[in-house]
Chemist: 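Please find one structure pasted underneath; my questions will follow.
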Protein chains: 2
Amino acid sequence: MPVNVWHTEGMPVLELLPVRDLQSCCAPITREPVSTENAERLAAALKALADPARLRLISMVAAHEDGEACVCDLTEPLGLSQPTVSHHLKVLVGAGYLTRTKRGTWHYYRLVPGALDSAASLLASV
Amino acid sequence: MPVNVWHTEGMPVLELLPVRDLQSCCAPITREPVSTENAERLAAALKALADPARLRLISMVAAHEDGEACVCDLTEPLGLSQPTVSHHLKVLVGAGYLTRTKRGTWHYYRLVPGALDSAASLLASV
DNA sequence: TCGATGCATCGACGTTTGTCGATCCATTCA
DNA sequence: TGAATGGATCGACAAACGTCGATGCATCGA
């Protein structure tokens with residue numbers, strides 16, 4: 001549920017707020033502009049997604065068997081080097097979209113349920 | 001409705017697809033990963049939003065009287081120079097989130113209805 | 001006609017980002 | 001124990017990005 005964005009070093013700076021229902025049902029023509037802090041948090045959350053390779057990674061992990069995948073599953077279909085794939089996965093984990101679990105030799109990445117939808121909701125409520 | 005992203009020079013490359021309803025009602029555990037082209041388009045659309053200044057600009061334009069604002073309305077509350085504000089507005093217009101209209105000496109910016117929600121829907125359907 | 005104002009564009013700059021090869025560590029297996 | 005494999009991290013580098021001051025072009029009002 002919480003989509004985080006690393007700030008200094010793996011430090012989460014964003015906990016996605018619940019969707020503001022009043023927004024959707026009775027938003028006036030003129031509303032309050034978003035605060036600087038919320039803009040920075042949402043921008044960081046979006047920046048983590050604003051890359052073709054990372055969007056494909058998210059999609060590939062979700063589409064993979066059992067909803068999880070290791071780096072070796074992703075490198076070849078993505079067409080990028082292993083260090084680059086690891087880098088992108090780290091960004092996605094840091095932002096709270098993926099989790100990482102180690103089993104034996106492999107690190108399995110898995111989509112955080114609802115993380116993408118939370119970001120989408122936040123975006124729509126700007 | 002269409003959220004565009006300039007490709008070479010003001011050339012729109014993205015027309016937001018309609019929300020794929022089958023996705024929300026009966027998505028299987030394992031789906032098809034997004035195509036490279038769609039990932040690039042969505043990434044471009046998100047990149048235009050993944051900046052605190054631009055998110056605040058969108059919000060400020062929407063919150064402004066009559067739903068429109070000129071550059072001079074935005075520069076001071078945003079705390080950035082006029083060229084920088086113009087630059088960000090250009091990016092947002094290019095991506096299809098804002099429109100620009102000239103009346104007399106002023107250029108008025110206005111939110112494209114539904115553009116933000118379209119992007120959010122696309123994001124949620126990754 | 002001339003000064004003032006709004007704003008786009010240009011050029012420059014420092015920072016951030018995406019990418020890779022090289023390296024190193026952990027785990028497995030012969 | 002030693003080779004092989006998965007994968008994180010490092011260092012380097014080019015490209016993209018955000019920002020600003022300077023400039024130029026409209027438009028308006030005196």
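Nothing here was measured: the structure is a model prediction, and the numbers come from that model. Side chains are part of it too, since the values below use all heavy atoms of this structure and drop only hydrogens, waters and symmetry mates.
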Chemist: In the single-linkage hydrophobic clustering (I, L, V, M, F, W, Y; side-chain heavy atoms under 4.5 Å), do B/Leu123 and A/Met60 co-cluster?
Modeler: yes
Chemist: So for the helix from C/dT1-D/dA30 to C/dA30-D/dT1, with five pairs setting each end axis, what is the inter-axis angle to 10°?
Modeler: 10°
Chemist: Does the side chain of B/Arg41 reach to within under 4.5 Å of the side chain of B/Asn38, using non-hydrogen atoms?
Modeler: yes
Chemist: Using a heavy-atom cut-off of under 4.0 Å over every strand shown, decide if B/Tyr108 touches base, sugar-phosphate, or nothing.
Modeler: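 Contact class for B/Tyr108: none.
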Chemist: Roughly how many Å is it from CG in A/Leu46 to P in D/dC17, rounded to a whole number?
Modeler: 16 Å
Chemist: Nucleotides 15-18 of chain C: which of its N/O atoms have a protein N/O under 3.5 Å away?
Modeler:
residue, atom, partner, partner atom, Å
C/dG18, OP1, A/Asp51, OD2, 3.2
C/dG18, OP1, A/Arg54, NH2, 3.1
C/dG18, OP2, A/Arg54, NH1, 3.3

Chemist: Given side chains that start at C-beta, do those of A/Leu111 and A/Leu98 come closer than 4.5 Å, heavy atoms only?
Modeler: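 Counting from C-beta outward, A/Leu111 and A/Leu98 do come under 4.5 Å.
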Chemist: Would you check if the side chain of B/Tyr97 reaches a backbone N or O of B/Val91 as a donor-acceptor pair within less than 3.5 Å?
Modeler: no
Chemist: Could you write nucleotides 21-30 of chain D as a row of B, S and -, 5' to 3', where a protein heavy atom under 4.0 Å of any base atom gives B, of only sugar-phosphate atoms gives S, and otherwise -?
Modeler: BB---SSS--
Chemist: Tell me, which pairs form a side-chain hydrogen bond (donor to acceptor under 3.5 Å, both in side chains) where one or both residues lie in residues 45-60 of chain B, sequence neighbours left out?
Modeler: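 Applying side-chain hydrogen bond (donor to acceptor under 3.5 Å, both in side chains) to every pair that reaches into residues 45-60 of chain B, excluding sequence neighbours, yields B/Arg54-B/His88.
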Chemist: What pair of heavy atoms forms the shortest contact from B/Trp106 to B/Cys70, and how long is it?
Modeler: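 That would be CD1-SG, 3.8 Å.
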Chemist: Roughly how far, to the nearest 0.5 Å, is CG of A/Leu74 from CG of A/Leu57?
Modeler: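 Going from the CG atom of A/Leu57 to the CG atom of A/Leu74 covers 6.0 Å.
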Chemist: Any non-hydrogen side-chain atom of A/Leu116 less than 4.5 Å from a side-chain atom of A/Leu49?
Modeler: yes
Chemist: Test: side-chain hydrogen bond (donor to acceptor under 3.5 Å, both in side chains). Region: residues 72-83 of chain B. Which pairs qualify, not counting sequence neighbours?
Modeler: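 Counting only pairs at least two positions apart or across chains, the side-chain hydrogen bond (donor to acceptor under 3.5 Å, both in side chains) contacts touching residues 72-83 of chain B are B/Ser81-B/Thr84, B/Gln82-B/Ser86.
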Chemist: Please list, chain by chain and in numerical order, all residues satisfying salt bridge (charged side-chain N to carboxylate O under 4.0 Å, His left out) with A/Glu68, sequence neighbours excluded.
Modeler: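 For A/Glu68 the salt bridge (charged side-chain N to carboxylate O under 4.0 Å, His left out) partners, ignoring immediate neighbours, are A/Arg103, A/Arg110.
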Chemist: Go nucleotide by nucleotide along DNA chain C from the 5' end; which of B/His107 and A/Val85 gets its closest nucleotide reached first?
Modeler: B/His107
Chemist: In whole angstrom, what separates B/Arg56's CZ from D/dG18's P?
Modeler: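 Spelled out: CZ on B/Arg56 to P on D/dG18 is 15 Å.
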